[in-house]
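Note on naming: letters A, B, ... go to the chains in the order of the sequence lines (proteins, then strands), and numbering restarts at 1 for each one.
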2 protein chains.
Amino acid sequence: MSSNKNSKVDPRIIRTKRMFKEALISLLEENVDKSKLTVQSIADRAELNRATFYLHYRDIEDLMEQIIEEVLAEMSNTITPSPVNQQSIGKGNRASGSRLISFLEHIHQNAGLYQVLLENKEFRKRVFGILLDIVSLWGEDRKAKGRSFKVPNEIIVSSSLGIVSWWLAEGTPYSSSYLAKQIVRMV
Amino acid sequence: MSSNKNSKVDPRIIRTKRMFKEALISLLEENVDKSKLTVQSIADRAELNRATFYLHYRDIEDLMEQIIEEVLAEMSNTITPSPVNQQSIGKGNRASGSRLISFLEHIHQNAGLYQVLLENKEFRKRVFGILLDIVSLWGEDRKAKGRSFKVPNEIIVSSSLGIVSWWLAEGTPYSSSYLAKQIVRMV
DNA sequence: TTAACTAATTGATACGGTGTCAATAAAATT
DNA sequence: AATTTTATTGACACCGTATCAATTAGTTAA
């Protein structure tokens with residue numbers, strides 16, 4: 001799905017971009033302070049030349065944005081699995097409620113990365129949008145059953161995001177299912 | 001209270017530091033992008049020489065930290081007014097519950113500043129601590145009355161912080177009292 | 001008010017990161 | 001094997017950082 005066999009992308013490009021991305025992520029996860037996060041340090045970590053960086057990215061921010069796009073795509077796939085390998089676990093529509101758990105599970109398994117990325121304003125905005133979709137669907141489900149949320153969806157989403165950020169900052173002290181329970185309880 | 005008559009601080013220093021602080025704050029509130037936030041641009045805005053900056057601060061981060069300390073002190077004073085001009089509005093202990101409203105009011109009146117500062121990890125951590133104190137006091141009050149919160153204090157605080165961040169990012173669409181109501185409702 | 005301090009300015013400097021380039025080496029495609 | 005594309009290398013101009021000595025301006029105290 002992501003890149004079929006007919007793609008004529010030079011394998012060197014794929015390898016190089018992957019290495020720069022992994023390099024930046026590893027540096028970010030090590031909490032390298034901003035002043036030492038230079039193109040040179042990223043190139044060193046990637047074991048590539050500094051000039052090569054500029055063949056693929058405008059600047060560090062550009063690389064960051066591309067990483068964000070990939071991570072968001074992965075997140076969306078995790079929450080809403082592609083129709084092909086949909087596990088269709090009976091129970092009719094598993095969509096709304098349990099998506100929150102999928103979301104938290106996915107974040108839990110990439111805690112270090114998400115802790116760093118959630119510092120990024122644009123990333124938070126995008127995740128907010130994804131969460132808002134989940135909560136909206138969920139809200140419609142509840143509405144159909146006669147129950148409804150007591151507070152606006154945006155408040156549910158922003159508070160959930162706040163909880164997740166704290167959860168990550170504290171080293172994910174609770175399991176994702178317990179956290180989901182607490183969030184649901186608050187709604 | 002802040003600076004008595006015996007303080008032998010050269011008025012030039014006070015003026016200079018004030019101007020650098022105001023300069024950085026005004027630049028931050030204008031959402032100047034990070035790459036253009038230089039010592040030179042701050043000095044320009046302050047109408048002071050760049051070298052003068054280094055007479056008072058190690059770097060921009062240092063100036064930022066000093067601003068944060070001042071803002072936090074102001075915030076604490078707003079929430080827990082100094083014993084001298086305590087308004088003591090009968091009703092015994094007004095402490096716990098209405099402190100949330102004072103907190104939100106204060107943020108509302110400095111929305112631009114707080115929106116920027118809450119991007120800062122250290123600042124968020126400190127505000128988290130202040131909010132945790134408020135919520136803990138509040139929780140004890142409720143406990144004494146037989147009622148208690150359904151979720152851990154940290155979850156209440158982190159969700160509230162998330163809501164406040166969203167509220168500021170959206171240009172404070174609700175009044176602070178309405179927002180307080182929604183937060184209380186969720187607890 | 002003058003003399004002494006102390007802060008701010010100015011111009012200079014070394015250093016390090018940025019972004020780009022031409023020439024060359026290495027790898028992939030045909 | 002020949003051609004095309006990517007990666008490396010060394011060089012370069014530019015800009016921001018951080019510090020300095022010398023000078024100017026403002027404050028304090030005698």
Side-chain angles (χ1 to χ4, degrees), chain A residues 2-28 30-68 70 116 119-120, chain B residues 2-28 30-68 70 116 119-120:
Chain A
S2 48
S3 64
N4 61 36
K5 51 198 166 188
N6 264 0
S7 65
K8 296 175 179 176
V9 186
D10 195 310
R12 285 170 294 180
I13 295 182
I14 296 172
R15 180 175 183 275
T16 297
K17 294 190 111 182
R18 194 189 67 239
M19 298 196 54
F20 276 126
K21 283 168 189 165
E22 289 173 358
L24 177 50
I25 288 174
S26 71
L27 287 172
L28 288 175
E30 287 169 17
N31 278 315
V32 172
D33 68 72
K34 258 187 355 179
S35 64
K36 289 196 173 179
L37 192 68
T38 66
V39 175
Q40 184 65 65
S41 69
I42 295 172
D44 286 347
R45 179 62 60 96
E47 292 176 296
L48 289 167
N49 195 278
R50 195 173 74 88
T52 308
F53 179 92
Y54 292 102
L55 294 179
H56 300 285
Y57 309 102
R58 196 178 62 255
D59 51 26
I60 295 177
E61 199 51 41
D62 184 26
L63 169 55
M64 193 69 181
E65 282 166 17
Q66 296 193 27
I67 289 175
I68 285 177
E70 284 193 7
V116 173
E119 292 287 308
N120 185 292
Chain B
S2 48
S3 63
N4 60 37
K5 50 198 169 187
N6 265 0
S7 64
K8 296 175 180 177
V9 185
D10 194 309
R12 286 171 294 181
I13 294 182
I14 296 173
R15 180 175 183 275
T16 297
K17 294 191 111 181
R18 193 189 67 238
M19 297 195 58
F20 276 127
K21 282 169 189 166
E22 288 174 358
L24 178 50
I25 288 175
S26 71
L27 288 172
L28 288 175
E30 287 169 20
N31 279 314
V32 172
D33 68 73
K34 264 189 345 185
S35 63
K36 289 195 174 179
L37 192 69
T38 65
V39 175
Q40 183 66 65
S41 69
I42 295 172
D44 286 348
R45 179 63 59 97
E47 293 177 294
L48 289 166
N49 195 278
R50 199 173 76 89
T52 308
F53 179 93
Y54 292 103
L55 293 178
H56 300 285
Y57 308 103
R58 194 179 62 256
D59 51 27
I60 296 177
E61 199 52 41
D62 184 24
L63 168 56
M64 192 70 180
E65 282 166 17
Q66 296 192 28
I67 290 175
I68 285 177
E70 284 192 7
V116 174
E119 292 287 307
N120 184 291

Would you mind writing out the side-chain donor-acceptor pairs for residues 33-44 of chain B within the sub-3.5 Å range, not counting sequence neighbours?
from    : atom 1 : to      : atom 2 : distance (Å)
B:Asp33 : OD1    : B:Ser35 : N      : 3.3
B:Asp33 : OD1    : B:Ser35 : OG     : 2.6
B:Thr38 : OG1    : B:Gln40 : N      : 3.4
B:Thr38 : OG1    : B:Ser41 : N      : 3.0
B:Gln40 : NE2    : B:Asp44 : OD1    : 2.9
B:Ser41 : OG     : B:Lys36 : O      : 3.3
B:Ser41 : OG     : B:Thr38 : N      : 3.1
B:Ser41 : OG     : B:Thr38 : O      : 2.8

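Less than 4.0 Å separates DNA chain D from at least one heavy atom of each of the following residues of residues 40-56 of chain A: A:Leu48, A:Asn49, A:Ala51, A:Thr52, A:Leu55, A:His56.
Between B:Met64 and B:Leu24, the shortest heavy-atom distance links the atoms SD-CD2, 4.1 Å. For the residue pair A:Ala23 and A:Ser26, the shortest heavy atom distance occurs at O-OG, 2.9 Å. Of all heavy-atom pairs spanning B:Asn120 and B:Glu61, the tightest one is ND2-OE2, 4.1 Å. Taking every heavy atom of both residues into account, B:Asp59 and B:Asp62 meet most closely at OD1-N, 2.9 Å.
Comparing B:Asp10 and B:Ser35 by the nucleotide of DNA chain D that holds the closest heavy atom to each, the one mapping nearer the 5' end is B:Ser35.
Between B:Leu63 atom CG and D:dT17 atom P the separation is 13 Å, expressed in whole Å. Summarising the geometry, the separation between NZ on A:Lys34 and P on D:dG16 is reported as 16 Å, rounded to the nearest angstrom. The distance from atom NZ of A:Lys17 to atom C1' of D:dT6 is 13 Å, rounded to the nearest whole Å. In this structure, A:Ile13 places its CD1 atom 4 Å from P of D:dT6, rounding to the nearest Å. For B:Ile60 and D:dG16, the CD1 to C1' distance is 10 Å, given to the nearest whole Å.
The OG1 atom of B:Thr16 sits 8.5 Å away from atom OH of B:Tyr57, with the distance rounded to the nearest 0.5 Å. Within the model, atoms CZ of B:Arg58 and CG of B:Leu63 stand 11.0 Å from one another, a figure rounded to the nearest 0.5 Å. The structure places CZ of B:Arg18 at 11.0 Å from CD of B:Glu70, a figure rounded to the nearest 0.5 Å.
Considering only the side chain of A:Arg12, D:dA7 comes nearest among D:dA7, D:dT17, D:dT27.
B:Glu30 pairs by the side chain to side chain contact (heavy atoms under 4.5 Å, CB included) definition with B:Leu27, B:Val32, B:Arg45, not counting sequence neighbours. Remark: A:Arg12 engages A:Asp10 in a side chain to side chain contact (heavy atoms under 4.5 Å, CB included) (not counting sequence neighbours).
Over its full length, the helix from C:dT1-D:dA30 to C:dT30-D:dA1 turns its helical axis through 30°, comparing axes from the five pairs at each end and rounding to 10°.
Using bins of under 30°, 30° to 60° and over 60° for the plane-to-plane angle, the ring pair A:Phe53/A:Phe20 lands in the perpendicular bin.
Here chain B contacts DNA chain C (any atom closer than 4.0 Å to a heavy atom, that is under 4.0 Å), and the contacts span C:dT6 to C:dT10 from 5' to 3'.
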